[in-house]
> 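Supplied in structure tokens, the structure appears directly below.
Computed over heavy atoms, backbone and side chain alike; hydrogens, waters and symmetry mates excluded. Within every chain, numbering begins at 1; the chains are lettered A, B, ... in the order of the sequence lines, protein sequences first and strands thereafter. Computed from a prediction, not measured in an experiment: that's the story for all the values here.
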Amino acid sequence: MSKKIIINPVTRVNGFMEIDATIDNNQVTDVKTEGLLFRGFEKMLVGRNPFDVVYFTQRICGICSTAHSIASTLALESAMGITPGKQGRYLRDILHGCEYLQNHIRHFYQYTIPDFVRLPEKYPFLATDHNDFRLPKEKNDEVTEHYFESLDISRSAHEMLAVLGGKAPHNHGIFIGGITTRAAADRIIKIKSILHNIRRFIDEKMVPDVFTIARYYSDYYKIGGGYGNLLSFGCFNGYEVLGTLYVDPLVYSNGKTSAFDPGGITEEIDYSWYKDKQDTYKPMDTAPEADMDKNKAYSWVKAPRYNGIPYETGPLARQWLSGEYRNGISAMDRVIARVLEARKITQVMGILLENLIPDVSVQQEYDIPASAEGTGLVDTTRGALGHWLKIDNKLISFYQIITPTAWNLSTRGNNGSRGTAEQALFGTMIKDIEHPVELGRIIRSFDPCVSCATHVYSQGRCIKTIQVVP
Amino acid sequence: MNAKNTCPEYAARLRTASDLINKVNYEIKRGSLARKKLVWLELTGCSGNIISLLDGSNPGFKYLVSMMCDLIFSNSLMASEGEAAMERLFGIPDNEFILAVEGAVSTRNNGLYNVIGRFRGEPVTALKAIRILGERASHVIAVGACASHGGTSAAKPNPARCVGIQSLLKRRVIKLPGCPCHPDWFLGTLAHILLYGEPELDDRDRPLLFYSTLIHDRCPRRSFFDQGIFAKKLGESTCMFKLGCRGPVTRIDCPIRKWNQYVNWPIGDDTPCIGCAQFGFPDQMEPFITYNTTRGVRK
């Protein structure tokens, strides 16, 4: 006897998504993850002033806007043949680090914790509908206290970003050459001081909290693993003097780690609401049009592939590829990796701050080439982010974006193989069909950002309801 | 005067204070029973305004949900999920809630370009959600550029055919344009509604409290403008008018308020204002950055 479970909205993710699962004998035997929002940024960007993409593309996503400013800046620099100097890179990467911290702290406490900890129901938005809460009272109370305390800490990560970035979300500081402003001593010490507090919170509260959760929900080490293919474009790496402080561009599959080759990236669209002359293409080839009248299609997320197969990207991939954490690949390992990565980022930022020369100006008067192409690949909070652009007549003539969540929340490939998160959900045992908490917990372990992944949505099919199919 | 011949007015006077206190207590009690509910609806956008709200301080998010109102629904923050979450959203009685909306509304294909959940099996589009909840709320606040006027979600060629929420509602919508909306602009507006009723609005329904004065009029670099000293590239400390600054057309209080614990703002970051708080952002505010000192106009 088959049963359908549909979860929509999957709350506590950025954007809108649906999990559509078929359950037989309490096990997930078929599953789709669907992105439910279309805006069409790639089309909007055509014809715009190339400098503007740094600020424009940030509007793709409110929680990881800095990521898009970084990738678009790298793509512009690549098109213009500009390599930022040492100080420019340090400054830009410090701002990127601030966003990692804002994001990971909010994802862990505001998005993940409500799945595992019973929060005070006097706050209506924290009321829950299931009973699988396992922490003893004193532990539950302690993490609850940290849930509220974390609000000040994640806010201070954005404050730190604004010190050199002007404001957040949607910063003004990231730009060609590094950042726009100069880091005088008063600004450097302000960032150091805030970072000190954040680091203490992570060490003393966030890391112990994640291991508390892991202890009481140890079954989550065994579920939500998926393919175990891991990919990173690299971040905080390849500094001229400092070398690699975190992770290089690497991939891991079938037990082997190898160097990442940008030429291996394709996107497939048989199961997504897009049309084009070709159903598989390389990023610079084409940006498909929206098309809701496709029989097989079920999501606005496309299916990025590396050498033809799906990959997971994000904190666990980076922790694994850098050798920092290799306990396993599962829903719980993903949550732990994110928290450990937050700690790692504070260390990386500490090194970059130590190497700053105060008050250096890295800006010049830039000129847009008449025509050029550029690629910006970088690992950001949620994983591997790519921006590809073309310039003609000094205006943007083509733009392609492949986000981390497109990798993780990908649809089936053209050969029918499940996307990364779909594979992680597939086969999961559901204890209580009425309250399938496992599905949301596994999906949130990927920290999906559907605003990013779906520069689109539609339905175009019959309405399903939760029903028992004999 | 003995007890029998008490002057009625005098007796009443003696009771005035306690009557008032009782009345206040009664109202407080009544007020707490009818504590305002807040629904935060994320529609066709980047969900950056709820992130900006979390950046608020004094009042911050915890004060908002503890002392100001009951937050009933937020896609980003609520513990509940799926059908149960939608039950909480649509189960709120009419007029008992303030509706804060971020994101524009996709109207393409009858709204199916943005589905925000399922209720009783059926997809709820952003379009359907705003039409139902927008008419039922006691107040509607458009938080950020997209909800206020379409914003980046409606940037040309507007592939999802997005519109601001006012064009779908007959009632007045208080508009807080900005990308994102500063937490103070929202929390201050909400506080005004809770304590004193609707704030005074300009002819485009923006609270005068925040949107009355041009950035240019209060810009700390105004003296450079007046003397004709203009920056030639980003990172300079003079007037950025010739780099494309939109401060002269943007009404908002950024120069005196600043962002993120009041620590900085775009002009303080040696970049031009890009007019994110002005109607028409982004299309009519571009180019954001130009080195053409004659301010080239984009075709």
> For Tyr123(A) and Asp70(B), what are the C-alpha separation, side-chain angles and deciding distance, and is it a side chain to side chain contact (heavy atoms under 4.5 Å, CB included)?
CA-CA 7 Å; Tyr123(A) 301 103; Asp70(B) 283 336; over 6 Å; no
> Heavy-atom distance under 4.5 Å between the side chains of Cys46(B) and Arg59(A), does that happen here?
no
> Please state whether the side chain, the backbone, both or neither of Gln102(A) comes within less than 4.5 Å of a heavy atom of chain B.
side chain
> Between Leu37(A) and Gly45(B), which heavy-atom pair has the shortest distance, and what is it?
CD2-O, 3.8 Å
> Does the side chain of Leu36(A) reach to within under 4.5 Å of the side chain of Arg118(B), using non-hydrogen atoms?
no
> Would you say the side chain of Leu126(A) lies within less than 4.5 Å of the side chain of Met78(B), judging by non-hydrogen atoms?
no
> Go through Pro157(B), Ala160(B), Ser153(B), Cys179(B) and name the one with the most non-hydrogen pairs under 4.5 angstrom from chain A.
Cys179(B)
> Of all of Arg182(A), Glu159(A), Met160(A), which one pairs up most often with chain B through heavy atoms under 4.5 Å apart?
Glu159(A)
> Based on non-hydrogen pairs under 4.5 Å, which of Gly165(A), Gly173(A), Gly166(A), Gly177(A) is most in contact with chain B?
Gly166(A)
> Between the side chains of His172(A) and Asp269(B), does any donor sit under 3.5 Å from an acceptor?
no
> Could you tell me if the side chain of Arg48(A) sits less than 4.5 Å from the side chain of Lys156(B), heavy atoms only?
yes
> Within the supplied structure, the quantity of interest is the number of heavy atoms (other residues, nucleotides, ligands) at a distance under 6.0 Å from Asn393(A) CG; does it exceed 12?
no
> Heavy atoms only, distances under 4.5 angstrom: which of Ala104(B), Gly82(B), Ala126(B) has the most pairs with chain A? Name it, please.
Gly82(B)
> Highest number of heavy-atom pairs under 4.5 Å with chain B: which of Ser156(A), Pro114(A), Cys61(A)?
Cys61(A)
> By number, which residues in residues 252-260 of chain B have some heavy atom less than 4.5 Å away from chain A?
Trp259(B), Asn260(B)
> Measuring from Arg155(A):CZ to Gln261(B):CD, what's the distance to the nearest 0.5 Å?
4.5 Å
> Please find the pair of heavy atoms, one from Ser80(B) and one from Thr11(A), that lie closest to each other, and give the distance.
O-OG1, 2.6 Å
> Compare all side-chain heavy atoms of Pro9(A) with those of Glu81(B) and state whether any distance is below 4.5 angstrom.
no
> Measuring from atom CZ of Phe125(A) to atom CD1 of Ile72(B), what distance do you get when rounded to the nearest 0.5 angstrom?
10.5 Å
> Among Ala127(A), Ser361(A), Gly440(A), which residue forms the greatest number of heavy-atom pairs with chain B at distances under 4.5 Å?
Ala127(A)
> Closest approach of Ala290(A) and Tyr113(B), non-hydrogen atoms and distance?
CB-OH, 3.9 Å
> Return the minimal non-hydrogen interatomic distance between Gln364(A) and Tyr291(B), and the atom names on each side.
O-OH, 3.8 Å
> Side chain, backbone, both or neither: which part of Ser66(B) has a heavy atom under 4.5 Å from chain A?
both
> Please classify the contact between Cys146(B) and chain A as side chain, backbone, both or neither, with a heavy-atom cut-off of under 4.5 Å.
neither
> For Asp55(B) and Lys167(A), what are the C-alpha separation, side-chain angles and deciding distance, and is it a salt bridge (charged side-chain N to carboxylate O under 4.0 Å, His left out)?
CA-CA 11 Å; Asp55(B) 287 340; Lys167(A) 77 189 229 292; over 6 Å; no
> Is Ser57(B) in contact with chain A via its backbone, its side chain, both, or neither, using a 4.5 Å heavy-atom distance?
both
> I need the residue from Phe51(A), Phe148(A), Tyr366(A) with the largest number of non-hydrogen atom pairs under 4.5 Å to chain B.
Tyr366(A)
> With no hydrogens and no angle check, just 3.5 Å: does a side-chain donor-acceptor pair link Asp270(B) and Thr180(A)?
no
> Let me know if Arg161(B) has heavy atoms under 4.5 Å from chain A in its side chain, its backbone, both or neither.
neither
> Which heavy-atom pair separates Val13(A) from Asn75(B) by the least distance, and what is that distance?
O-ND2, 3.8 Å
> Under 4.5 Å heavy-atom distance to chain A, tell me which part of Val263(B) shows up: side chain, backbone, both or neither.
side chain
> Heavy-atom count check: over 12 atoms from other residues, nucleotides or ligands less than 6.0 Å from Asn110(B) CG?
no
> Given that the side chain runs from C-beta out, which part of Leu43(B) has a heavy atom under 4.5 Å from chain A: side chain, backbone, both or neither?
backbone
> Report yes if the side chains of Asn109(B) and Met292(A) come closer than 4.5 Å at any heavy-atom pair, otherwise no.
yes
> Could you check whether any side-chain heavy atom of His170(A) comes within less than 4.5 Å of a side-chain heavy atom of Pro180(B), counting everything from C-beta outward?
yes
> Looking at CD of Gln363(A) and NZ of Lys233(B), how far apart are the two atoms once the value is rounded to the nearest 0.5 Å?
7.5 Å
> Distance-only, no hydrogens or angles: does the Asn49(A) side chain make a donor-acceptor pair with backbone N or O of Ile289(B) under 3.5 Å?
yes
> So, do Phe61(B) and Tyr147(A) have ring centers that fall under 6.0 Å from each other?
no
> Is the Phe288(B) ring parallel, tilted or perpendicular to the Tyr55(A) ring (thresholds 30°, 60°)?
tilted
> Could you go step by step and tell me if Arg187(A) and Asn264(B) meet the side chain to side chain contact (heavy atoms under 4.5 Å, CB included) rule?
CA-CA 11 Å; Arg187(A) 287 173 159 186; Asn264(B) 204 354; 3.7 Å; yes
> Determine whether Asp129(A) and Glu83(B) make a side-chain contact, defined as any pair of heavy atoms from C-beta on separated by less than 4.5 Å.
no
> With a 4.5 angstrom heavy-atom cut-off, which part of Phe175(A) approaches chain B: side chain, backbone, both or neither?
side chain
